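Predicted model, so just to flag it, every value in this text is computed and none were measured. Worth knowing before you read on, the calculation uses all heavy atoms, side chains too, and leaves out hydrogens, waters and symmetry mates.
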Amino acid sequence: MAARVERLVTSGTFALDGGSWDVDNNVWIVGDDTEAIVIDAAHDAEAIVRALAGRTLRAIVCTHAHNDHIDAAPELADRTGAPILLHADDLPLWKQTHPERSPDGELADGQVLSAAGTELTVLHTPGHAPGAVCVYAPGLDTVFSGDTLFAGGPGATGRSFSHFPTIIDSIRDRLLSLPAATVVRTGHGDPTTIGAEAPHLDEWIARGR
């Protein structure tokens, strides 16, 4: 059975640098009727468990460690037995939300995960956060971009641990080099494609200076 991508939208709060904002997050589930990987366990572990519908969860992949992308990860891990995977450079952010709990494993650039016969390659894309990653599934013509790239431009870089020139380098070198038809499944909001975003790189740079 071929793997598929499912989208679950959960709601909660993003908090950083003393501020707090209500947000809707995309939780992405990649798999078939038997097993799956969850990308970004946001806000509501119960809703994610219901969406999994009894499938074996192979891993909980964190695109970065802002609280709104990881707040439900420990509960989801406890309920499913799946390991939480995070890039080591985001451990300081992780500890702000979960000081008593560590991830179960590290994500590394070029690492390949698999579920339901589909390979997902980890791309380290710092800028929005030091350990931000995107997850590329060429067999599904999809990249899961977390908060690195959205429809309309880069993720925010105005808060702690972020850096605009770095996110631009990550997008240019790691994402815009993917095939134009690649669907960009974002951490918030609607998907886009590499082809739709690539022509606007210079605009983003000028806007961000």
Side-chain angles (χ1 to χ4, degrees), residues 7-28 38-45 60-76 84-103 106-109 122-136 143-176 184-192 197 200-209:
R7 175 188 181 188
L8 173 68
V9 178
T10 60
S11 300
T13 300
F14 167 54
L16 187 66
D17 296 340
S20 180
W21 301 266
D22 293 333
V23 289
D24 295 328
N25 284 64
N26 293 327
V27 180
W28 298 104
V38 162
I39 299 172
D40 286 343
H43 305 308
D44 192 340
I60 301 164
V61 176
C62 306
T63 62
H64 61 294
H66 285 153
N67 75 290
D68 58 317
H69 290 255
I70 63 166
D71 49 3
E75 181 183 346
L76 184 61
I84 301 168
L85 306 179
L86 176 75
H87 194 283
D89 289 353
D90 257 22
L91 280 174
L93 275 168
W94 170 275
K95 289 298 185 182
Q96 290 185 10
T97 303
H98 301 301
E100 305 302 324
R101 172 74 175 262
S102 296
E106 295 183 1
L107 295 171
D109 187 59
V122 176
L123 308 176
H124 184 209
T125 53
H128 181 70
V133 302
C134 298
V135 183
Y136 179 43
V143 64
F144 301 92
S145 64
D147 287 1
T148 295
L149 178 63
F150 293 99
T157 54
R159 302 186 181 99
S160 296
F161 300 96
S162 65
H163 188 243
F164 180 75
T166 301
I167 201 171
I168 288 294
D169 287 346
S170 291
I171 292 170
R172 178 197 293 116
D173 298 342
R174 309 309 306 277
L175 298 183
L176 299 188
V184 181
R185 301 184 192 268
T186 57
H188 309 269
D190 293 330
T192 182
E197 302 307 318
H200 303 289
L201 178 64
D202 289 341
E203 299 170 26
W204 304 336
I205 294 171
R207 192 171 67 207
R209 285 193 178 116

**Check: His98 side chain, Ala73 main-chain N or O, donor-acceptor pair, under 3.5 Å** = no

**Complete:** When rounded to the nearest 0.5 Å, the distance separating CG of Leu85 from CG of Leu107 is 5.0 Å

**Request:** Over all heavy atoms of both residues, which pair between Ser145 and Val184 is shortest? Give the atoms and the distance, please.
**Result:** OG-CG1, 3.4 Å

**Message:** I want to know whether His43 and His69 have ring centres closer than 6.0 Å.
**Reply:** no

**Message:** Using 0.5 Å steps for rounding, measure from the OH atom of Tyr136 to the CG atom of Leu123.
**Reply:** 9.0 Å

**Prompt:** What distance do Leu176 atom CG and Leu149 atom CG have between them, rounded to the nearest 0.5 Å?
**Reply:** 7.0 Å

**Asked** Distance-only, no hydrogens or angles: does the Asn26 side chain make a donor-acceptor pair with backbone N or O of Thr186 under 3.5 Å?
**Response** yes

**Message:** Please enumerate all residues that pass side-chain contact (heavy atoms from CB on, under 4.5 Å) together with Gln96, with sequence neighbours excluded.
**Reply:** Leu16, Leu93, Phe161

**Request:** Give the minimum heavy-atom separation between Ala42 and Ala72, together with the two atoms involved.
**Result:** C-CB, 4.0 Å

**Message:** Any carboxylate oxygen within less than 4.0 angstrom of a Lys/Arg side-chain nitrogen, looking at Arg174 and Asp109?
**Reply:** yes

**Any residue meeting side-chain contact (heavy atoms from CB on, under 4.5 Å) with Asp44, in chain and number order, not counting sequence neighbours** = Thr10, Glu46, Ala47

**Prompt:** Are the side chain of Asp90 and the backbone N or O of Gly131 linked by a donor-acceptor pair below 3.5 Å?
**Reply:** yes

**Derivation of the side chain to side chain contact (heavy atoms under 4.5 Å, CB included) call for Val9 and Val27** = CA-CA 6 Å; Val9 178; Val27 180; over 6 Å; no

**Message:** List the residues meeting side-chain contact (heavy atoms from CB on, under 4.5 Å) with Ala15, not counting sequence neighbours, and say none if there are none.
**Reply:** Asn67

**Qualifying residues under salt bridge (charged side-chain N to carboxylate O under 4.0 Å, His left out), relative to Arg159, sequence neighbours excluded** = none

**Item:** By ring-ring contact (aromatic ring centres under 6.0 Å, His included) - contacts of His128 (at least two apart)
**Value:** His64, His66

**Request:** Would you please test Thr13 and Asp68 for side chain to side chain contact (heavy atoms under 4.5 Å, CB included) and show each step?
**Result:** CA-CA 6 Å; Thr13 300; Asp68 58 317; over 6 Å; no

**Request:** Kindly write out the residues that satisfy side chain to side chain donor-acceptor pair (under 3.5 Å) with Ser102, not counting sequence neighbours, or none if the list is empty.
**Result:** Lys95

**Message:** So, taking the atom named CG in Asp89 and the one named CD in Glu106, what distance separates them when rounded to the nearest 0.5 Å?
**Reply:** 9.0 Å

**Asked** When you look at Trp204 and Ile171, which way does the side chain to side chain contact (heavy atoms under 4.5 Å, CB included) test go after all the steps?
**Response** CA-CA 11 Å; Trp204 304 336; Ile171 292 170; 4.0 Å; yes

**Fill in**
For Ser170, the side chain to side chain donor-acceptor pair (under 3.5 Å) test, sequence neighbours excluded, returns none

**Request:** Could you tell me which non-hydrogen atom of Gly189 sits nearest to which non-hydrogen atom of Arg7, and how far apart they are?
**Result:** O-NH2, 3.1 Å

**Item:** Heavy-atom side-chain contact between Leu175 and Cys134 under 4.5 Å
**Value:** yes

**Asked** Any donor-acceptor pair under 3.5 Å linking the side chain of Glu197 with the backbone of Gly152?
**Response** yes

**Considering all heavy atoms, the nearest Asp40-Gly146 contact** = OD2-CA, 4.3 Å

**Request:** For His200, check ring-ring contact (aromatic ring centres under 6.0 Å, His included) against everything at least two apart and list the hits.
**Result:** none

**Item:** Under the salt bridge (charged side-chain N to carboxylate O under 4.0 Å, His left out) test, residues paired with Glu75 that sit two or more places apart
**Value:** Arg79

**Message:** Closer than 3.5 angstrom, by distance alone: can the side chain of Trp28 be matched with the main-chain N or O of Gly187 as a donor-acceptor pair?
**Reply:** no

**Request:** Grab the two heavy atoms, one from Phe150 and one from Gly155, that are nearest each other, plus how far apart they are.
**Result:** CE1-CA, 3.6 Å

**Item:** Point-to-point distance, once rounded to the nearest 0.5 Å, from CG of Leu76 to CD1 of Ile70
**Value:** 13.0 Å

**Request:** Locate the shortest heavy-atom distance separating Val133 from Cys62; write the atom from each residue and the value.
**Result:** CG2-O, 3.8 Å

**Asked** In chain order, what residues pass the salt bridge (charged side-chain N to carboxylate O under 4.0 Å, His left out) check against Asp24, with sequence neighbours excluded?
**Response** none

**Complete:** Residue set satisfying side-chain contact (heavy atoms from CB on, under 4.5 Å) with Thr157, at least two apart, ordered chain then number -> Ser162, Phe164, Ile167

**Request:** Check the pair Val135, Val61 against side chain to side chain contact (heavy atoms under 4.5 Å, CB included), reporting the backbone distance first and the verdict last.
**Result:** CA-CA 9 Å; Val135 183; Val61 176; 4.0 Å; yes

**Prompt:** Among all residues two or more places apart in sequence or in another chain, which pass the salt bridge (charged side-chain N to carboxylate O under 4.0 Å, His left out) test with Asp173?
**Reply:** none

